[in-house]
Each structure stands twice: as C-alpha cells, then as structure tokens.
Amino acid sequence: MNQKQTSMKQIRRLGGGLAVLLGLFHAQPILADIQAYQIVRIIAYQSNCQLIDLKRTDRADGTLDFLGLCENVNFYPDGIRLHCPARDDAYACKILNKERRFNNLNMIRPSGGAE
C-alpha cells in the first residue's frame, strides 16, 4: 500500500470515531424524575400513614399525582393523595388530603381516667 491509501484509512477511522463523539453530544438530555422511594419518604415523615400500596398517575399537563393506601385507615380512610407540580423536584410535592381525627371518641372515656 502506498502512503496515500494508508492515510485515507486513518481518516475514515477517525471520522467514524468523531461521528460517535458528536452523536454523544447531540443526544437527548436525561430528565430527572421523582422516584417512588422519595414519595414513600415524604409520606413517612409528614403523616401517620403506614403505606402498603402506592399508585402513580402521570397527568397530561406534566405533573404527577400519587395515591397511597394506608394500613391503618383511621387517619386516611380513602388513602393519602399527593400532588407533585414539578416532575424533577420531590420537595415540591404536597399532601392534598388532611389527616382525619375522630376526637368524639374521647367523649366515651371515663372522666376521672388518667391520660
């Protein structure tokens, strides 16, 4: 082989490698997304719900909704609902429904009982 053919092969190899490198730079960016463990942590820290099931709903406007079913249904009989306005920020998630308290049960306690 002569010098010209050898240099053309080297250019082709470099061109292929360059195409791969350019492809990496033009790839789609990876977007962060809220993970289930983050929602479980929010529920554990901010409520009395002992989570047994979690369902995720992706809304058309790009936000997320979560419905968690609680083992102890006294506080959240219909489940606990969370709304996340930003898909990449778990700290923006808010619990939508309030914890229910049944304070009228205190009325059946004996009046002289220790608390």
Side-chain angles (χ1 to χ4, degrees):
M1 268 191 222
N2 63 22
Q3 183 69 20
K4 190 173 183 179
Q5 289 176 340
T6 304
S7 64
M8 288 301 287
K9 284 185 179 182
Q10 290 174 345
I11 291 172
R12 285 187 194 137
R13 279 192 219 143
L14 287 175
L18 185 60
V20 169
L21 285 175
L22 287 176
L24 291 175
F25 287 116
H26 290 290
Q28 292 287 340
I30 297 173
L31 300 175
D33 202 14
I34 297 172
Q35 302 297 315
Y37 76 90
Q38 294 172 304
I39 300 301
V40 170
R41 185 171 46 201
I42 291 169
I43 291 172
Y45 289 154
Q46 297 182 10
S47 73
N48 287 321
C49 176
Q50 298 170 350
L51 199 63
I52 57 173
D53 190 24
L54 184 66
K55 293 182 178 158
R56 172 183 170 143
T57 305
D58 294 321
R59 298 180 63 185
D61 60 356
T63 61
L64 298 172
D65 284 337
F66 292 91
L67 173 64
L69 298 178
C70 306
E71 184 176 336
N72 182 356
V73 295
N74 290 334
F75 297 120
Y76 296 96
D78 300 324
I80 187 167
R81 296 184 183 280
L82 283 91
H83 177 71
C84 303
R87 295 181 73 95
D88 59 346
D89 186 13
Y91 294 107
C93 297
K94 301 289 181 205
I95 297 175
L96 296 179
N97 52 343
K98 294 189 180 204
E99 187 175 280
R100 293 187 185 172
R101 300 249 180 212
F102 298 99
N103 294 329
N104 57 353
L105 295 177
N106 291 330
M107 294 172 55
I108 61 173
R109 279 191 183 161
S111 60
E115 292 188 22

Is the number of heavy atoms from other residues, nucleotides or ligands within 6.0 Å of CZ (R56) greater than 12?
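It does: R56 CZ has more than 12 such atoms within range.
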Indicate the atoms forming the closest heavy-atom contact of [X] with [Y], along with that distance.
X	Y	value
N97	G79	ND2-O, 2.7 Å
A92	P85	O-CD, 3.3 Å
A90	I42	O-CD1, 3.3 Å
G62	R87	O-CG, 2.9 Å
G68	L51	CA-CD1, 3.6 Å

When clusters are formed by joining ILVMFWY residues with side-chain heavy atoms under 4.5 Å apart, either directly or through shared neighbours, do [X] and [Y] land in the same one?
X	Y	value
L67	I34	no
Y76	L69	no
V40	L64	yes

Which of these passes side-chain contact (heavy atoms from CB on, under 4.5 Å) with F66: L96, L54, T57, I80?
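Testing each of L96, L54, T57, I80 against F66, the sole residue satisfying side-chain contact (heavy atoms from CB on, under 4.5 Å) is L54.
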Kindly state each residue pair satisfying salt bridge (charged side-chain N to carboxylate O under 4.0 Å, His left out) with at least one member in residues 70-79, sequence neighbours excluded.
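Output for this query lists D78-R100.
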Under the 3.5 angstrom rule, does the side chain of [X] hit a backbone N or O of [Y] as a donor-acceptor pair?
X	Y	result
Q35	D33	yes
D65	R81	no
S47	I43	yes

Any side-chain heavy-atom pair of F75 and C70 under 4.5 Å:
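A side-chain contact is absent here, since even the closest heavy-atom pair is not under 4.5 Å.
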